[in-house]
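Order of the sequence lines sets the chain letters (A, B, ...), proteins ahead of strands, with each chain counted from 1. The structure presented is a predicted model; accordingly, all values stated were derived computationally and were not measured.
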Protein chains: 2
Amino acid sequence: MSRVATGNLVEGQDAEPDLSRCPVRDVLDHIGNKWTALILLTLNASPSRFSQLQRAVPDISKRMLTQVLRDLERDGLATRQVFATKPPTVEYRLSRQGESLMTPLIGLVQWADLHHDAMRAARKTYDEGLALLAAR
Amino acid sequence: MSRVATGNLVEGQDAEPDLSRCPVRDVLDHIGNKWTALILLTLNASPSRFSQLQRAVPDISKRMLTQVLRDLERDGLATRQVFATKPPTVEYRLSRQGESLMTPLIGLVQWADLHHDAMRAARKTYDEGLALLAAR
DNA sequence: CCGCATCCGTAACGATACTG
DNA sequence: CAGTATCGTTACGGATGCGG
């Protein structure tokens with residue numbers, strides 16, 4: 001396992017800021033944005049065209065969808081295939097790498113389904129506690 | 001499993017925007033921010049005081065650390081315990097909920113460790129491809 | 001149909017100084 | 001030690017319009 005488990009999250013403070021950061025940060029910074037994980041899950045369900053993805057995730061803008069797809073392609077998590085039809089057809093699908101990410105990602109999804117209610121309840125309780133303090 | 005696996009990421013387009021969003025989004029929006037996952041992993045390694053956390057993650061600001069800890073507490077993922085020493089001591093630790101998150105989260109960490117190099121290589125290749133195009 | 005470019009508002013985040 | 005308050009910057013993301 002990585003250094004993380006030891007509690008030493010970053011390399012000892014070397015003079016070099018060092019660009020290639022901790023793998024954990026790198027990966028989380030990528031799937032952590034608002035849309036990436038959702039698109040990955042959608043592509044996992046089935047390879048899709050641009051417009052299909054827009055329908056699957058209705059509240060993403062074209063701008064963001066394009067950007068997320070470029071990033072996935074760049075990171076080697078998805079592939080882009082253009083068909084010279086008219087009008088053109090572009091299909092996105094998960095790469096091997098992308099598929100391998102699904103296992104841990106689906107783990108998170110399952111956790112989310114199981115614990116979402118409890119989390120929302122905890123938030124409510126916490127906020128009500130604050131409200132009591134504010135009322136004085 | 002949730003609707004996600006079917007590719008239907010959000011509820012059918014009901015008139016209600018509905019505040020309580022898809023669990024997946026909710027959870028990812030929380031651990032997806034720049035620091036939360038890192039703090040969770042650190043707390044998992046061992047319960048820690050505020051300043052210990054700062055040392056474990058040297059490049060987080062006090063402002064952000066405070067905010068992340070408040071959010072974790074609010075979501076019921078971590079607990080905050082104050083000891084009336086002088087100067088005061090505050091210890092944070094994972095709650096049961098928080099611990100249950102560790103399983104899927106560590107899955108992601110392991111994936112990151114395994115695939116980080118390949119991802120960086122893919123990026124490099126991609127960027128070089130772009131450079132070739134730009135050179136013409 | 002696909003997707004790039006532009007403009008712009010809003011958050012997230014960082015640095016610093018100050019308090020119990 | 002463990003925060004809060006304030007300020008400034010940056011990057012994320014939405015809306016729209018053009019082009020292949």
Side-chain angles (χ1 to χ4, degrees), chain A residues 10 13 17 19 21 25-26 28-39 42-43 47-75 78-93 126 130 133-134, chain B residues 9-10 17 21 25-26 28-39 42-43 47-75 78-93 126 129-130 133-134:
Chain A
V10 288
Q13 59 284 25
L19 307 185
R21 292 135 34 188
R25 296 198 194 196
D26 203 4
L28 287 173
D29 283 358
H30 276 259
I31 71 151
N33 80 52
K34 198 174 175 183
W35 303 111
T36 305
L38 247 25
I39 298 298
T42 306
L43 287 179
S48 306
R49 303 177 52 180
F50 188 90
S51 45
Q52 287 181 297
L53 290 168
Q54 274 202 296
R55 278 187 292 276
V57 187
D59 47 354
I60 193 176
S61 66
K62 281 201 299 186
R63 176 157 172 345
M64 280 300 111
L65 182 53
T66 304
Q67 185 175 303
V68 167
L69 289 170
R70 287 286 97 71
D71 286 347
L72 291 179
E73 201 190 347
R74 184 169 110 101
D75 291 342
T79 61
R80 186 183 114 112
Q81 190 172 7
V82 183
F83 299 95
T85 55
K86 223 181 102 176
T89 301
V90 181
E91 189 167 83
Y92 295 91
R93 60 177 64 224
Y126 184 92
L130 287 189
L133 291 180
Chain B
L9 287 169
V10 287
R21 291 133 36 186
R25 296 199 193 195
D26 203 5
L28 287 174
D29 283 358
H30 276 258
I31 70 151
N33 81 51
K34 198 173 177 185
W35 303 111
T36 305
L38 248 24
I39 298 298
T42 306
L43 287 179
S48 307
R49 304 176 51 179
F50 189 90
S51 46
Q52 287 182 297
L53 290 168
Q54 274 202 295
R55 277 187 293 276
V57 187
D59 48 353
I60 193 176
S61 64
K62 281 202 296 188
R63 184 173 174 320
M64 279 300 109
L65 181 53
T66 304
Q67 183 175 303
V68 167
L69 289 169
R70 287 284 103 68
D71 285 347
L72 290 180
E73 201 190 348
R74 183 169 110 102
D75 291 343
T79 62
R80 186 183 113 111
Q81 190 170 6
V82 183
F83 299 95
T85 56
K86 221 182 107 175
T89 302
V90 181
E91 188 168 83
Y92 295 91
R93 60 176 64 227
Y126 185 93
L130 287 190
L133 291 180

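Between T66(B) and dG3(D) there is no side-chain polar atom (N or O) within less than 4.0 angstrom of OP1 or OP2. The side chain of Y92(A) places no N or O atom within less than 4.0 Å of a non-bridging phosphate oxygen (OP1 or OP2) of dC1(C).
The nearest whole Å value for the distance from the CZ atom in F50(B) to the P atom in dC1(D) is 11 Å. Rounded to an integer number of Å, the gap from CD of Q54(A) to P of dC2(C) is 9 Å. Rounded to whole angstrom, the span from the CD atom of E91(B) across to the P atom of dA2(D) amounts to 10 Å. In this structure, L69(B) places its CG atom 11 Å from C1' of dA2(D), rounding to the nearest Å. At whole-Å resolution of the value, CD in E73(B) and P in dA2(D) are 15 Å apart. As rounded to whole Å, 11 Å separates atom P of dT4(D) from atom CG of L65(B).
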Reading nucleotides 5-14 of chain D from the 5' end, what letters show protein touch, with B for base, S for backbone sugar-phosphate only, - for no heavy atom under 4.0 Å? -B------BB

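For S48(A), the side-chain contact (heavy atoms from CB on, under 4.5 Å) criterion is met by L43(A), S46(A), Q52(A), L53(A), not counting sequence neighbours. The salt bridge (Lys or Arg N to Asp or Glu O under 4.0 Å) test applied to R49(A) returns no partner, not counting sequence neighbours. With sequence neighbours left out, D26(B) forms a side chain to side chain donor-acceptor pair (under 3.5 Å) with H116(A), R123(A). In terms of the side chain to side chain donor-acceptor pair (under 3.5 Å) criterion, residue partners of T36(B) (sequence neighbours excluded) are, by chain and number, N33(B). With sequence neighbours excluded, the residues satisfying side chain to side chain donor-acceptor pair (under 3.5 Å) with E91(B) are R93(B).
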Please report, to 0.1 Å, the donor-acceptor pairs under 3.5 Å made by any side chain of residues 80-89 of chain B, with sequence neighbours excluded.
| from | atom 1 | to | atom 2 | distance (Å) |
| --- | --- | --- | --- | --- |
| T85(B) | OG1 | P87(B) | O | 2.9 |
| T85(B) | OG1 | T89(B) | N | 3.3 |
| T85(B) | OG1 | T89(B) | OG1 | 2.8 |

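Inter-residue side-chain proximity for D75(B) and Y126(A) is flagged as unmet; no heavy-atom pair is nearer than 4.5 Å.
For residues 60-72 of chain A, every residue pair satisfying the salt bridge (charged side-chain N to carboxylate O under 4.0 Å, His left out) rule, not counting sequence neighbours, is listed here: R70(A)-E73(A).
Residues from residues 82-89 of chain A that place a heavy atom under 4.0 Å from any atom of DNA chain C, listed by number: P87(A), P88(A).
For the atom pair I31(A) CD1 and I39(A) CD1, the distance stands at 13.5 Å (nearest 0.5 Å).
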